[in-house]
Amino acid sequence: MMQTELRREAETYISLQAPLSGYKALVPANLQQASHMTIANLYWYFQARDESTATVEA
């Protein structure tokens, strides 16, 4: 299980990154209902996307 604070940070990060990618359904209300695994997967998806974008820009 995820610690409450880590999950909250991940939800915040996802809700900030999702609109930039056009994912309109990933709003805080929906993220609160998602499983821990879903939140973890979404968090790492956006982290990997950000890293690959930073590498291309460098």
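Computed from a prediction, not measured in an experiment: that's the story for all the values here.
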Problem set entry | Residue list, side-chain hydrogen bond (donor to acceptor under 3.5 Å, both in side chains) with T4, at least two apart or on another chain | none
Exercise. Any side-chain heavy-atom pair from T38 and L31 closer than 4.5 angstrom?
Worked result: no
Problem set entry | Pairwise distance CD(E51) to CH2(W44) - rounded to 0.5 angstrom | 7.5 Å
Under 3.5 Å, which donor-acceptor pairs do the side chains of residues 10-23 form with other protein atoms, sequence neighbours left out?
residue	atom	partner	partner atom	Å
E11	OE2	R7	NE	2.7
E11	OE2	R7	NH2	3.3
T12	OG1	R8	O	2.9
Y13	OH	D50	OD2	2.2
S15	OG	E11	O	3.2
S15	OG	T12	O	2.9
Q17	OE1	R49	NH2	3.0
S21	OG	R49	NH1	3.0
Y23	OH	Y45	OH	3.2

Problem set entry | All side chain to side chain contact (heavy atoms under 4.5 Å, CB included) counterparts of N41, not counting sequence neighbours | M37
